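Each remark here refers to the structure printed beneath this line.
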Amino acid sequence: MSEPRINDRIRVPEVRLVGPNGEQVGIVRVEDALRLAAEADLDLVEVAPMAKPPVAKLMDYGKYKYEAAMKAREARKNQVNTVIKEIKLRPKIDIHDYGTKKGHVERFLKAGDKVKVTIMFRGREQSRPELGFRLLQKLAEEVAELGFVESSPKLDGRNMVMVIGPTKRKSEARAEQRRRQADAGPAAGQEPVTLDDAAEPA
């Protein structure tokens, strides 16, 4: 985004002037607006160049730029990339294996990640898509507290795919994890050792 024109770079005969606290001053000659800016030790900044006449505001432009940069930095820090984890199942999966895979799905959802669950059909299994559908429905119901079905089960070639989205955003999950780590503190039941405790008796 290009920088706005400020002070002497504003080359129009008049502007619609806005005061430092957002108050409407009205349409004034640009020379008068510049004089008011100088008297208040502020900058005249063109905030809406396409308006007729352009809108200019009295502000501390250096401070404004600094605050805008800090906000952008904070927004980048809080921005979290969405990660999609994938779990693959077979239609006739063993109960123990199913429990393990479900545990992975729960862990991913708790961490704020989406989970793509894929049922892989082989051979004659392809003629029984309802087996995969029932398995995916069962899984969705069992993890309903942690996630919701974002994309319903659908056939994709030899596979059936469903996407489960986390009920918690990733930023919330991370914040909660940090809180838990902070609360855990020293290992339970262990008193912190001080130098005096560790010292040999005289």
Side-chain angles (χ1 to χ4, degrees), residues 1-3 63-199:
M1 191 175 159
S2 59
E3 297 267 318
K63 184 180 173 189
Y64 165 78
K65 274 187 73 173
Y66 172 75
E67 286 173 354
M70 291 303 286
K71 277 181 192 166
R73 190 167 143 203
E74 195 62 30
R76 279 198 302 274
K77 199 166 80 176
N78 292 331
Q79 190 180 32
V80 180
N81 294 328
T82 303
V83 176
I84 298 185
K85 305 284 190 178
E86 185 169 14
I87 289 287
K88 295 186 175 179
L89 310 173
R90 295 292 309 282
K92 296 176 180 175
I93 189 169
D94 172 78
I95 291 174
H96 176 74
D97 286 346
Y98 172 78
T100 304
K101 301 271 187 176
K102 186 179 89 171
H104 291 323
V105 172
E106 289 172 336
R107 185 161 48 88
F108 295 146
L109 291 171
K110 280 179 188 170
D113 294 321
K114 290 185 185 186
V115 185
K116 177 182 173 186
V117 187
T118 303
I119 304 279
M120 300 180 296
F121 296 100
R122 288 188 190 154
R124 283 181 294 181
E125 290 173 351
Q126 290 177 67
S127 63
R128 302 286 307 279
E130 70 277 6
L131 291 176
F133 185 78
R134 281 205 295 270
L135 184 61
L136 290 175
Q137 268 192 320
K138 177 186 174 191
L139 178 63
E141 285 165 13
E142 291 179 358
V143 300
E145 282 186 19
L146 300 170
F148 62 96
V149 176
E150 194 172 282
S151 172
S152 299
K154 56 177 174 282
L155 277 169
D156 178 14
R158 291 186 181 186
N159 300 330
M160 184 176 278
V161 177
M162 174 178 77
V163 177
I164 304 176
T167 48
K168 266 187 201 156
R169 289 205 303 271
K170 188 144 191 169
S171 54
E172 290 172 5
R174 280 188 178 171
E176 193 173 294
Q177 188 181 8
R178 282 198 293 270
R179 276 200 303 276
R180 279 204 303 270
Q181 286 171 347
D183 291 344
Q190 280 189 358
E191 288 291 323
V193 177
T194 64
L195 288 173
D196 289 338
D197 293 336

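Source: prediction; values computed, not measured.
- The shortest heavy-atom contact between Phe121 and Gly132 is CZ-CA, 3.9 Å.
- Here the shortest heavy-atom pairing between Lys114 and Gly165 reads CG-CA, 4.3 Å.
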Should Leu131 and Glu125 be marked as a side-chain contact (heavy atoms from CB on, under 4.5 Å) after you check the CA-CA gap, both sets of side-chain angles, and the distance that decides it?
CA-CA 8 Å; Leu131 291 176; Glu125 290 173 351; 5.9 Å; no

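- Taking CG from Leu89 and CG from Asn159, the interatomic distance works out to 11.0 Å, rounded to the nearest 0.5 Å.
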Evaluate His104 against Arg107 for side-chain contact (heavy atoms from CB on, under 4.5 Å), listing each step before the verdict.
CA-CA 5 Å; His104 291 323; Arg107 185 161 48 88; 2.9 Å; yes

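- Residues Glu106 and Val143 approach most closely at CG-CG1, 3.8 Å, considering heavy atoms.
- Rounding to the nearest 0.5 Å gives a distance of 15.0 Å between CG of Leu139 and CZ of Arg134.
- Between Pro153 and Gln137 the shortest side-chain heavy-atom distance does not fall below 4.5 Å.
- No more than 12 heavy atoms of other residues, nucleotides or ligands sit less than 6.0 Å from atom OH of Tyr66.
- Within the 3.5 Å criterion, the main-chain N or O of Asp97 finds a donor-acceptor partner in the side chain of Asp94.
- Pairing each heavy atom of Pro166 with each of Gly112, the nearest pair is CG-O, 3.4 Å.
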Check the pair Lys65, Glu3 against salt bridge (charged side-chain N to carboxylate O under 4.0 Å, His left out), reporting the backbone distance first and the verdict last.
CA-CA 10 Å; Lys65 274 187 73 173; Glu3 297 267 318; 3.4 Å; yes

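- Of all the heavy atoms in Ile119 and Arg90, the pair that sits closest is CG2-C, 4.4 Å.
- Rounded to the nearest 0.5 angstrom, Lys85 NZ and Lys116 NZ are separated by 14.5 Å.
- Here the shortest heavy-atom pairing between Ile87 and Phe108 reads CD1-CE1, 3.9 Å.
- Within the 3.5 Å criterion, the main-chain N or O of Met120 finds no donor-acceptor partner in the side chain of Arg158.
- A salt bridge links Arg128 with Glu130: the closest approach of a Lys/Arg side-chain nitrogen to an acidic carboxylate oxygen falls below 4.0 angstrom.
- Thr167 contributes a side-chain N or O that, together with a main-chain N or O of Leu146, makes up a donor-acceptor pair within less than 3.5 Å.
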